[in-house]
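Remember, it's 1-based here, ligands and their atoms both numbered in the order they're listed.
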Amino acid sequence: MASMPVLLLLLFFFMLFTLEEATHTTTENNNSSVIPLGSWLSPKGENTSWPSRSGHFAFGFYPQGSGFAVGIWLVSPSENTTTVVWTANRDDPAVSSKSMLNLTKQGLLLQKGKGDSANNIDSGDSESVYMASMLDSGNLVLYDEDSSVVWQSFDHPTDTILGGQNLTSEDGLISSKFKSDHSRGCFYLIMQNDGNLVAYPLYNRFSDLDAYWAPDSWNLAYQPYQLSLNIQGFLCLDGSGDRLCLYDINKNRKKSHSNTTSIYRATLDIDGNFRLYEHQFHFEQGTNTTTTSSHLEMLWQAMNDTCQVKGFCGLNSYCTSNMSGDAVCKCYPGFIPSKTKSVPIDCVQKHSKDDCESSEDRTLLYNFTHFENMHWGGVPYSAIPMMMKMEACEKDCRQDCGCGGAIYTNGNCHKYRLPLIYGRFQNDSSSTGSVALLKTPSTISIISPPTSNDTNMPKPKVVFDKKKNLIMILSLTLGVVSLICLVITTSIFFTYRHQVNRYAMLSESEKLGFTEECSLSSFSFEELSKSTGGFSEEIGRGSFGAVYKGKIGDNNRSIAVKRLEERIADEGEREFRAEITAIARTHHRNLVKLIGFCIEGSNKLLVYEFVSKGSLANVLFEGEVKLSWKERMKLALDVARGILYLHEECEVRIIHCNINPQNILMDESWTAKISDFGLARLSKRGHSRTKAEEDGISRYLAPEWQKEDASVSVKADIYSFGVVLLEIICCRRSIEMTDISSADEILFSSWVYQCFASGQLNKLITHDEKDVDWKILERMVKVGLWCVQDHQSLRPTIKNVILMLEGLKDIPVPPSPARLLE
Ligand SMILES: *[C@@H]1O[C@H](CO)[C@@H](O)[C@H](O)[C@H]1NC(C)=O
Ligand SMILES: *[C@@H]1O[C@H](CO)[C@@H](O)[C@H](O)[C@H]1NC(C)=O
Ligand SMILES: *[C@@H]1O[C@H](CO)[C@@H](O)[C@H](O)[C@H]1NC(C)=O
Ligand SMILES: *[C@@H]1O[C@H](CO)[C@@H](O)[C@H](O)[C@H]1NC(C)=O
Ligand SMILES: *[C@@H]1O[C@H](CO)[C@@H](O)[C@H](O)[C@H]1NC(C)=O
Ligand SMILES: *[C@@H]1O[C@H](CO)[C@@H](O)[C@H](O)[C@H]1NC(C)=O
Ligand SMILES: *[C@@H]1O[C@H](CO)[C@@H](O)[C@H](O)[C@H]1NC(C)=O
Ligand SMILES: *[C@@H]1O[C@H](CO)[C@@H](O)[C@H](O)[C@H]1NC(C)=O
Ligand SMILES: *[C@@H]1O[C@H](CO)[C@@H](O)[C@H](O)[C@H]1NC(C)=O
Ligand SMILES: *[C@@H]1O[C@H](CO)[C@@H](O)[C@H](O)[C@H]1NC(C)=O
Ligand SMILES: *[C@@H]1O[C@H](CO)[C@@H](O)[C@H](O)[C@H]1NC(C)=O
Ligand SMILES: *[C@@H]1O[C@H](CO)[C@@H](O)[C@H](O)[C@H]1NC(C)=O
């Protein structure tokens, strides 16, 4: 009994505590920071800025260039510096000292000079502004009469997010141009709606190959929907159930001082690196004054080596670190900084005239400079595989007028055209043995590189440097090279004839996706035969061939091996490689990942990651798993996001052409993953049509696909998705409708439409189903019906499908799917 009062007491304290916390959070909207209508600022007037209550932030005019810009900044008293965290209309030119900023009913109006008309600075378009407030969090908010937010600067980030601010879907940060100029710079960090946070060079942002940083959130059960920085300094990717913290302040916390407050900000800096900073404000109570000192600390950065930032250096230049450890850009030998003052600075060839084409003897025209462990971006235009000597690679590039240089790695010679991009040294051990061979005109003397004590920085070395011995060396080298080539060719041909394919490498296999480990492996048929136990365990059979389970590697990683049928395999090897290269570049959580391949004669196999929970067909039609409506919606969205990636986000648009529940697979965490994409082009249309009929999957094919001559667009996939979506709702095969009596109801989509039109959605679900979420059901049915319209142009794009499913876009009432079909 004695515990009762203690419990009550605890409860009391708890209530006190929570009450205090509640009042603490509301003081932010305290009237002392209220800016009433009619207030105005000017750079030289009585008021140049509106400070927040704490005085840490201010909104107003700050000097930029020869004039002023309008923005929000953070004041650091002891360093007497300000840090701009937000800028209005950042790309506009600076305004004069005669300009004026008024808070009016229409928002914030900026008048650039006397007599000029006033323009709304990007603060919404409403007539309802009642007051504004500069909050202590650094957020400038405009309220209407009901104190609801009309506009806030937190919703329009520029290069920084502050504590309490989130970066949500499709929102991004764009770095500033210079420290003193906050107009848009070169780099872009975006929270993609596929859940990836990715950094790109701003003007090259649509290819995975250009991405230079993306935190690995693959082990999260739910895809992240935002990047958040909270006021305690946690920088995290939030999924709906869990999150991944890029910086966890609890793990890194040093002693925190009392009388110290901290303000956190995460900024995409001008060098393209994303960093988290802490501004500490320390208060000291003197006898008659309070002094405030501040201290700035960088807590975390995305990359320790700024040279990893693609686009940090301009064209034809490479990134290296100077003696103080900072990243610097240098032109390659034979190149000089371009006269156009671009940022970053591009380099151009010193001698533009080049008589390569007309020259008989190209051996005399070029020298090569070697850079050890150098890596180049972009895609080589030619990859000569297999046991080539470096001299042969050099020779090949020298003879080829289009060749600007080559990367030589373990017998492979990858040739690149000018301009060379993203050049940098790779220090990790994985890249040892690769040498960049840079072709330079021989008439110029190569400046020897600055002598550096830094052993990390490889020194370029000049290959030929003695004029006297030149001819001799050349002919000797040539002879030796030819001899070596001959020997190698012969030995390969005779001794390793059957193994040749083992060494065949894809041209881009070195650099696919974000990380170096993403490379595609080439397997021998024997290896795969062994790892699958002689193709004993068949786990599925798709339209392109049977799939077997296997294990590879020291850690017995499970794989799924797809053995392509001969009708597909008879396609040429070159086409086949091109297709799998495209497949291998895809990188998305809703797509099954390709690990490797094997080509040996007519045996063509693809090796995929093993996805453990089987296909959607099993889930839907075997009926062992009961799906809730939320789960069904998640499933549909997973598939749709996979398709969105294929259609709009990956480098080469991929039309799947064969979406059906058999090739939608479920992984451990019940995330749906699409497989078999990218293979459609390998098989002839007629083939796949008849094959689809045999397999009973023709119902997923769009009407135009079934016609011989019509061209096929992404809308064919939308149709297939629509049928799958309707099946996810009904959980049964679209042609096995037990309840259907009359013959004209056989067409699944028409039947669903009739149920919908007559308001009998209950007919679509099985009788024993409880807890039906009718809202989700109706939304899915409407979207499904739009997708299965016979007329291609009526079907929505996959992007709109997602918006409609998510409830972010209104769904009009769909017409009958077959209305336009005669
Ligand atoms: C601010 O002032 C207005 C009117 O003066 C008042 O209605 C409102 O309650 C005040 N808000 C706070 C948070 O004090
Ligand atoms: C604003 O908040 C401070 C501290 O919380 C308080 O002292 C002050 O009275 C408040 N002012 C108004 C007008 O509510
Ligand atoms: C300037 O600020 C003061 C106090 O912050 C205020 O009383 C005054 O009205 C302001 N002047 C203008 C022109 O907004
Ligand atoms: C801060 O800088 C301003 C002008 O830039 C100057 O007037 C002021 O004295 C400086 N304050 C301190 C504490 O250095
Ligand atoms: C801004 O306010 C000032 C002072 O009240 C006024 O002279 C000026 O005309 C106003 N400008 C606009 C565009 O409302
Ligand atoms: C940011 O996200 C958190 C949830 O993660 C939410 O509580 C908060 O209100 C969001 N902040 C803003 C400004 O939207
Ligand atoms: C914090 O400030 C109070 C008075 O404002 C002072 O008594 C105390 O010693 C300070 N604490 C520290 C750690 O500076
Ligand atoms: C206040 O500050 C002044 C100047 O720094 C100093 O001379 C004085 O002793 C301090 N104390 C009081 C009580 O004024
Ligand atoms: C950068 O260096 C720090 C300290 O050496 C280390 O803790 C951190 O993991 C490194 N970050 C990356 C991305 O390598
Ligand atoms: C290294 O580069 C940085 C940035 O360009 C520069 O500020 C620094 O002075 C350089 N250090 C040396 C030793 O060259
Ligand atoms: C290579 O460069 C050197 C100068 O470093 C030059 O003397 C030589 O002629 C060049 N080689 C050829 C083949 O032109
Ligand atoms: C660095 O190089 C300079 C000149 O190249 C040399 O004088 C100096 O001794 C070197 N320092 C070290 C630490 O090797």
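Every heavy atom of Q152 sits 4.0 Å or more from the atoms of ligand 6. For S228, the closest heavy-atom approach to ligand 6 does not fall below 4.0 Å.
The N/O atoms of N304, backbone and side chain alike, include one that comes under 3.5 Å of an N/O atom in ligand 9. Looking at ligand 6, you'll find an N or O of Q226 within less than 3.5 Å of one of its N or O atoms.
With no hydrogens or angles considered, a side-chain donor-acceptor pair links D136 and S52 at under 3.5 Å. In summary, the side chains of N322 and S324 do present a donor paired with an acceptor at a separation below 3.5 Å, with no hydrogens or angles considered.
The backbone N or O of S183 sits less than 3.5 Å from a side-chain atom of D181, completing a donor-acceptor pair. Without hydrogens or angle criteria, N230 side chain to G233 main chain gives a donor-acceptor distance under 3.5 Å.
Using cut-offs of 30° and 60° for the angle between ring planes, the H156 and W151 rings count as parallel.
Protein heavy atom nearest atom 7 (O) of ligand 10, with residue, atom name and distance: D326 OD2, 4.6 Å. Looking at atom 8 (C) of ligand 10, its nearest protein heavy atom turns out to be N322 ND2, 3.7 Å. Regarding atom 9 (O) of ligand 6, its nearest protein heavy-atom neighbour is N166 ND2, 4.8 Å.
For ligand 9, the atoms lying closer than 4.0 Å to a non-hydrogen atom of A302 are 13 (C). Less than 4.0 angstrom separates some heavy atom of D238 from each of these atoms of ligand 6: 5 (O). Atoms of ligand 10 lying under 4.0 Å from any heavy atom of V328, numbered from 1 in the order shown and given with element: 2 (O), 5 (O). Numbered from 1 in the order shown, with element, the atoms of ligand 10 that lie under 4.0 Å from a heavy atom of S324 read 1 (C), 8 (C), 10 (C), 11 (N), 12 (C), 13 (C).
Residues P215 and L237 meet the side-chain proximity criterion, which asks for heavy atoms closer than 4.5 Å.
One finds the NE2 atom of H56 at 12.0 Å from the OG atom of S137 (value rounded to the nearest 0.5 Å). Rounding to the nearest 0.5 Å places OH of Y130 at 12.5 Å from OG of S148.
For atom 14 (O) of ligand 10, a protein heavy-atom neighbour is present inside the 4.0 Å cut-off. Protein heavy atoms are absent from the 4.0 Å sphere centred on atom 5 (O) of ligand 9. In this structure, atom 2 (O) of ligand 9 has a protein heavy-atom contact shorter than 4.0 Å. Per-atom contact check: atom 11 (N) of ligand 9 touches the protein, criterion being a heavy-atom distance below 4.0 Å.
Crowding of L803 atom CG: a count of heavy atoms from other residues, nucleotides or ligands under 6.0 Å exceeding 12.
Counting heavy atoms closer than 4.0 Å to ligand 6, residue Q165 contributes nothing at all.
The cationic atom of R424 (NZ for Lys, CZ for Arg) does not lie both less than 6.0 Å from the six-membered ring centre of F312 and within 45° of the ring axis.
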